[in-house]
Protein chains: 2
Amino acid sequence: MTKPQLEEAGRAPSRRERVREATLAEIKSIARRHLVGQGASGVSLRAIAREMGMTAPGLYRYVSGIDSLLVLITADMFDELGAAVAAADASVPARDTDRRILTSLRAFRRWALEHPAEFAAMFGPRTRLEPGADPGPAVEAARRFGATFFTLFEQLIREERFELPDGRAVGADLERELRAFARMCGFGDEDTPVEAVMVLTSCWVRLYGVVCMEIFQHLDFVMRDMEPLFESELQNVLTGLGVRYESPQSSSTVTMGKSE
Amino acid sequence: MTKPQLEEAGRAPSRRERVREATLAEIKSIARRHLVGQGASGVSLRAIAREMGMTAPGLYRYVSGIDSLLVLITADMFDELGAAVAAADASVPARDTDRRILTSLRAFRRWALEHPAEFAAMFGPRTRLEPGADPGPAVEAARRFGATFFTLFEQLIREERFELPDGRAVGADLERELRAFARMCGFGDEDTPVEAVMVLTSCWVRLYGVVCMEIFQHLDFVMRDMEPLFESELQNVLTGLGVRYESPQSSSTVTMGKSE
DNA sequence: ACGCTTTAGTGAACGCCGTTAACAGACACG
DNA sequence: CGTGTCTGTTAACGGCGTTCACTAAAGCGT
């Protein structure tokens, strides 16, 4: 009792565990910095170890390899993105569903803009990581990230804001896919119509597409500021959902009035 | 005159030039195969050289480094994608604009599905390639790829298939961006309304988003076959453009009738 | 306080990579 | 034939991930 034993998980962390966790945090922090500075391919165990004043093999006490390190920090980044979106959501009165949605979606894009390297690692193609690797922690974090939007969308359904598209257009196989999706992500329940899941996915894909294009810089040689396009697409999507759209009152660099 | 001097460009290729070109083609071919097999990070000069029965430094006679090699094959892939789309377009009677559009867009997705690794390298984030490198040939090829769609879209405008959105929603800065985009890609002319360019971009982003999600496998754990979602989005987009939509008569694995 | 076990970290090594420099042979052409 | 260009080699440098054998320290039971 006096001093913590390791015994079961969850009890007070022993000194050893604390310093170990701190070291792991330092590893991830440096890796993150390198990721931001030089892209995912610029993250190397040797460089991290060098910067920490130790040798590369020592890192294997904390991480099973560079792939799993990347998965770890990806999970962290999803948590961070999720927290940013949730914070934006919470900064709006809970009753004002419309503005909560607007704010959350803008927060998503804003975070992506401010963290392009992270976004690319999170949402880009699985460039490193051969199919064998287990991205478990990352997808779990990604699911947590989606939760905010699911909650808001469920509210829209409850309020019957928009009319569902013709259900006959949804084939049997698509229906199965959509049901599986909803179940796995904890979105809706048994009574949620598949058409609603369909609409959610479609909306998400549209906004995701704009942000991807922006961050991956496909239209870079062609369009410097994609905010107007994003706002336009946002307006279309939200209007289609029966959600009130309001244009941002300030340019992209300003902090949008509301503090916090 | 009798025998070709190098002199100017364009004359009959000397023997030396022919074998040189063949070697370069072999390099790109092997690189491409490695890209497909193991992703962009799996392409290495040493491995290519080994497979060709020579040593790595020799490749520097043909390529200025691995980055530029990747740019080269990326350009090739864009040309290939462009050719696939153009071929699909040409397989439909020239008068039937609606079906030409439908077919071309499906050909785009189909190519992406059949060449996921290539697609990731072409449309994914610039993972390798630090900002200094010049992706010139690649973007040029990308522009050629877009030409097919531009032509078809111009036809829609000419036929006034859809009504343009409210132009007042387009801000001055967005207008400038869109104009620059159209000029750089050779889309439309001076009289083409910016709203039209806006619509084109929006449509492209929506379909791009679906295909990206599909190829990058973001919804993989959630949705196996994204064809229904793509078709649904395609239907929405085309209907909004006043284009006749027809559901594909066959499943995704069948070759769709037309040979070639 | 002692000894034992677990843990953190090192050093050497293997094989991979991109890239450069100095050099050797083949070919083309006067 | 001689000369120069082009193609390719060897050697080397530095960086990478990863494994293995090993040391040193920390923790813990007695």
Side-chain angles (χ1 to χ4, degrees), chain A residues 1-7 11-27 30-31 34-35 37-72 127-130 132-133, chain B residues 1-7 11-27 30-31 34-35 37-72 127-130 132-133:
Chain A
M1 271 274 192
T2 54
K3 282 189 179 175
Q5 325 266 20
L6 54 91
E7 296 284 309
R11 213 38 63 212
S14 74
R15 157 165 179 80
R16 236 185 154 100
E17 287 169 326
R18 264 183 295 129
V19 52
R20 181 181 173 78
E21 196 130 354
T23 307
L24 180 60
E26 186 184 358
I27 293 174
I30 298 179
H34 289 183
L35 172 79
Q38 320 164 39
S41 61
V43 180
S44 83
L45 292 180
R46 290 193 121 109
I48 295 172
R50 208 179 306 133
E51 192 168 329
M52 294 177 64
M54 58 186 282
T55 58
L59 296 186
Y60 281 75
R61 299 284 173 193
Y62 300 89
V63 169
S64 67
I66 188 143
D67 287 357
S68 81
L69 172 58
L70 288 178
V71 169
L72 276 187
T127 176
R128 238 151 150 166
L129 240 72
E130 53 242 62
Chain B
M1 270 277 192
T2 53
K3 282 190 178 176
Q5 321 269 23
L6 51 95
E7 297 284 308
R11 213 37 63 209
S14 73
R15 158 165 179 78
R16 236 182 156 103
E17 287 169 325
R18 265 183 294 132
V19 53
R20 181 182 174 78
E21 195 128 357
T23 308
L24 180 60
E26 186 183 0
I27 293 174
I30 298 179
H34 290 183
L35 172 79
Q38 319 165 40
S41 60
V43 180
S44 83
L45 292 179
R46 290 194 120 109
I48 294 171
R50 208 179 306 132
E51 192 167 329
M52 294 177 64
M54 57 187 284
T55 59
L59 297 185
Y60 280 75
R61 299 286 172 195
Y62 299 88
V63 169
S64 67
I66 186 137
D67 287 357
S68 82
L69 172 58
L70 288 179
V71 169
L72 276 185
T127 177
R128 236 149 150 170
L129 240 72
E130 53 241 62

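Note that the coordinates shown come from a computational prediction; the quantities given were computed from them, not determined experimentally. Each chain gets a letter, A, B and so on, in the order its sequence line appears, and its residues count up from 1.
The side chain of A:Met54 approaches C:dG9 more closely than any other nucleotide in the set C:dC17, D:dT7, C:dG9. When distances run from any side-chain atom of B:Pro57 to the nucleotides C:dT20, D:dG8, C:dA8, the shortest one goes to C:dT20.
If you measure from atom CG of A:Leu69 to atom P of D:dG17, you get 10 Å, rounded to the nearest angstrom. Residue B:Glu51 contributes atom CD, which lies 17 Å from atom C1' of C:dC17 at whole-angstrom precision. D:dT9 atom C1' lies 13 Å from atom OH of B:Tyr62, rounded to whole Å. In this structure, CG of A:Leu59 is placed 15 Å from C1' of C:dG11, rounded to the nearest angstrom. If you take CZ of B:Arg61 and C1' of C:dG25, they are 12 Å apart, rounded to a whole angstrom. In this entry the distance linking CD1 of B:Ile48 with P of D:dG8 reads 14 Å, nearest Å. Counting to the nearest Å, the P atom of C:dA8 and the CG atom of A:Leu24 are 11 Å from each other. Rounded to a whole Å, the CG atom of A:Asp67 is 16 Å from the P atom of D:dC16.
Under 4.0 angstrom from either OP1 or OP2 of D:dC16 there lies at least one side-chain N or O belonging to A:Ser44. Taking only side-chain nitrogens and oxygens, B:Arg50 comes nearer than 4.0 Å to OP1 or OP2 of C:dC17. Within the 4.0 Å cut-off from OP1 or OP2 of D:dT7, at least one side-chain nitrogen or oxygen of B:Arg20 is found. Checking the phosphate oxygens (OP1, OP2) of C:dG9, no side-chain nitrogen or oxygen of A:Thr55 falls inside 4.0 Å.
The minimum heavy-atom distance between B:Ile66 and B:Ser44, with the atom names listed, is CD1-CA, 3.8 Å. The two residues A:Met52 and A:Glu26 make their nearest non-hydrogen contact at CE-OE1, 3.5 Å.
Residue A:Tyr60 is classed as a base contact, given a heavy-atom separation below 4.0 Å to a base.
Side chain of B:Glu17 to main chain of B:Ser14: a donor-acceptor pair is present (N/O by atom type, distance under 3.5 Å, no hydrogens or angles).
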Criterion side-chain contact (heavy atoms from CB on, under 4.5 Å) on A:Ile48 and A:Val43, from CA distance to verdict: CA-CA 8 Å; A:Ile48 295 172; A:Val43 180; 4.1 Å; yes
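The shortest side-chain heavy-atom distance between A:Val63 and A:Leu24 falls under the 4.5 Å cut-off.
Judged by distance alone, with hydrogens and angles left aside, A:Arg46 brings no side-chain donor or acceptor close enough to the base of D:dG15 to form a pair under 3.5 Å.
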